[in-house]
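This report concerns only the one structure given below.
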Number of protein chains: 2
Amino acid sequence: MTAHPTIVESLRQEGYRLTPQRIMILDIINDSMSHISAEEIHRKVQEQYPFVNISTIYRTLNLLKKLRLISETDLGDGYVRYELLERERHRHHHLVCRQCGESFAFEDELLKPLQIRLLKEYGFAADVDHFAIFGLCQRCRRGEGRGGVRKEGQHGAD
Amino acid sequence: MTAHPTIVESLRQEGYRLTPQRIMILDIINDSMSHISAEEIHRKVQEQYPFVNISTIYRTLNLLKKLRLISETDLGDGYVRYELLERERHRHHHLVCRQCGESFAFEDELLKPLQIRLLKEYGFAADVDHFAIFGLCQRCRRGEGRGGVRKEGQHGAD
DNA sequence: ATTGCAAGTGCAACTATTTGCACAATGACT
DNA sequence: AGTCATTGTGCAAATAGTTGCACTTGCAAT
Ligand SMILES: [Mn+2]
Ligand SMILES: [Mn+2]
Ligand SMILES: [Zn+2]
Ligand SMILES: [Zn+2]
């Protein structure tokens with residue numbers, strides 16, 4: 001319970017209605033420690049209230065994304081994943097290894113120079129909310145291709 | 001006819017079979033002046049040979065992508081689009097305006113510093129083949145929001 | 001508390017893309 | 001030219017995600 005009241009307020013302020021579905025979804029994203037998929041959100045919502053349809057989840061996620069309250073990212077596991085967008089503190093992005101599937105966070109600071117050049121040279125204001133950059137991690141480059149092989153898809157029971 | 005013989009050769013050299021489907025698909029991507037979708041490729045293939053299934057298109061695209069012969073990019077119009085990856089010359093990326101939908105190319109050179117820092121500081125070898133960075137273009141930032149409104153989806157007849 | 005209506009929801013049908021499986025075709029070896 | 005193992009293909013069924021439409025609900029004005 002209690003999605004950042006800040007967020008709930010900003011929703012109402014923008015003229016959007018505070019439905020129980022929206023509040024539940026926000027709570028779940030807020031309580032989730034990391035990137036969460038629509039399917040996972042749907043399962044958790046249904047534990048509380050089983051009549052919520054998956055399309056409502058997607059519609060709410062798209063709204064929150066449009067308002068830049070959450071990020072939407074493909075981290076390469078076959079599901080689009082969502083995360084609260086902290087407006088002030090520790091903005092971060094991810095490096096995703098194509099071989100082992102591991103995901104490493106990196107600081108927003110590394111993207112600032114690019115952002116600045118795009119603005120200066122092209123007048124383009126890049127949305128730098130939450131990137132995922134694919135490639136090969138250090139371990140995999142060294143041939144220490146540890147067990148974990150890239151998995152795509154199929155939401156299973158946890 | 002005649003997809004870069006270089007590419008056809010590299011396919012055979014890697015031990016993949018040269019089926020008429022693969023050659024047709026490569027020809028179409030090669031002849032296409034810009035980013036092309038799976039559906040568009042399928043339509044063009046079917047003009048020549050109507051029995052090719054769309055799943056073959058996707059499977060071939062996934063193969064060519066794995067071999068880094070083509071790039072796969074979401075340019076925000078609701079379709080994943082494909083393009084030959086020139087290995088040597090003029091590698092480029094795109095800035096996509098979330099408001100007007102316009103797409104502007106920019107040189108790979110701008111991503112080099114980031115690429116180098118990721119390698120030095122994280123040991124991560126980023127695949128920098130063909131990025132699409134979303135944001136607001138100069139015109140739209142200035143409020144000159146020219147007509148064109150963001151369109152998502154629905155492949156129509158051209 | 002009641003009303004009215006625009007915004008939101010559930011449902012079913014649809015879209016793009018993936019996958020399992022039985023059958024067909026490639027290309028290496030003869 | 002013919003054989004054969006293996007790879008690739010077509011088809012149908014599945015997947016995640018979207019959308020039109022009729023019904024419900026939040027909420028502002030009374
Ligand atoms: Mn993250
Ligand atoms: Mn391009
Ligand atoms: Zn790795
Ligand atoms: Zn624009």
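Sequence lines set the chain letters: A, B, ... in the order given, protein chains first and strands last, and positions in each chain run from 1.
- When the C1' atom of C/dG8 is taken as reference, atom CG of A/Leu64 falls 14 Å away, rounded to whole Å.
- In this structure, B/Tyr58 reaches the C/dT17 phosphate: one of its side-chain N or O atoms is under 4.0 Å from OP1 or OP2.
- We find that CG of A/Leu61 is positioned 12 Å from P of C/dT9, with the value rounded to whole Å.
- Here D/dT9 presents its C1' atom at 15 Å from CD1 of B/Ile23, a figure rounded to the nearest Å.
- For A/Tyr79, counting side-chain heavy atoms from C-beta on, the closest listed nucleotide (D/dA16, D/dT18, C/dG27) is D/dA16.
- Under the ring-ring contact (aromatic ring centres under 6.0 Å, His included) criterion, A/Tyr122 pairs with no residue at all, not counting sequence neighbours.
- Partners of A/Arg117 according to the side chain to side chain donor-acceptor pair (under 3.5 Å) rule, which considers only residues two or more places apart in sequence or in another chain, are A/Glu121, B/Glu109.
- For the segment residues 45-57 of chain B, residues with any heavy atom less than 4.0 angstrom from an atom of DNA chain C are, sorted by number, B/Ser55.
- Atoms CD (B/Glu39) and P (C/dT18) sit 13 Å apart, rounded to a whole Å.
- Residue B/Val80 is the one, among B/Arg12 and B/Val80, whose nearest nucleotide of DNA chain C lies closer to the 5' end (criterion: closest heavy atom).
- Under the rule for a ring-ring contact (aromatic ring centres under 6.0 Å, His included), B/His42 has no partner lying at least two apart in sequence or in another chain.
- Applying the side chain to side chain contact (heavy atoms under 4.5 Å, CB included) criterion to B/Asp74, with sequence neighbours excluded, gives no partner residue.
- Sequence neighbours left out, the pairs with a member in residues 51-70 of chain B that pass ring-ring contact (aromatic ring centres under 6.0 Å, His included) are B/Tyr49-B/Phe51.
- Between the side chains of A/His94 and A/His92, at least one donor N or O lies within less than 3.5 Å of an accepting N or O.
- For the pair A/Leu63 CG and C/dT9 C1', the computed distance is 14 Å after rounding to whole Å.
- Listed pair B/Arg22 / D/dG8 meets the phosphate criterion, a side-chain N or O lying under 4.0 Å from OP1 or OP2.
- Between A/Lys65 atom NZ and D/dG17 atom P there is a gap of 10 Å when expressed in whole angstrom units.
- Residue A/Gln21 places none of its side-chain N or O atoms closer than 4.0 Å to OP1 or OP2 of D/dT25.
- Applying the 4.0 Å criterion to OP1 and OP2 of D/dT7, one finds that B/Thr19 has every side-chain N and O outside that range.
- Considering only side-chain atoms of B/Thr60, the nucleotide from D/dT6, D/dT9, C/dG27 that sits closest is D/dT9.
- Within the nucleic acid shown, B/Arg59 comes within 4.0 Å of at least one base atom, counting heavy atoms only.
- For A/Tyr16, no side-chain nitrogen or oxygen approaches OP1 or OP2 of C/dA7 to under 4.0 Å.
- Cluster membership check: A/Leu114 does not share its hydrophobic cluster with B/Leu119, using side-chain heavy-atom separations under 4.5 Å among Ile, Leu, Val, Met, Phe, Trp and Tyr.
- Between the CG atom of B/Leu18 and the P atom of D/dG8 there is a distance of 10 Å, given to the nearest Å.
- Between A/Glu72 atom CD and D/dT18 atom P the separation is 7 Å, expressed in whole Å.
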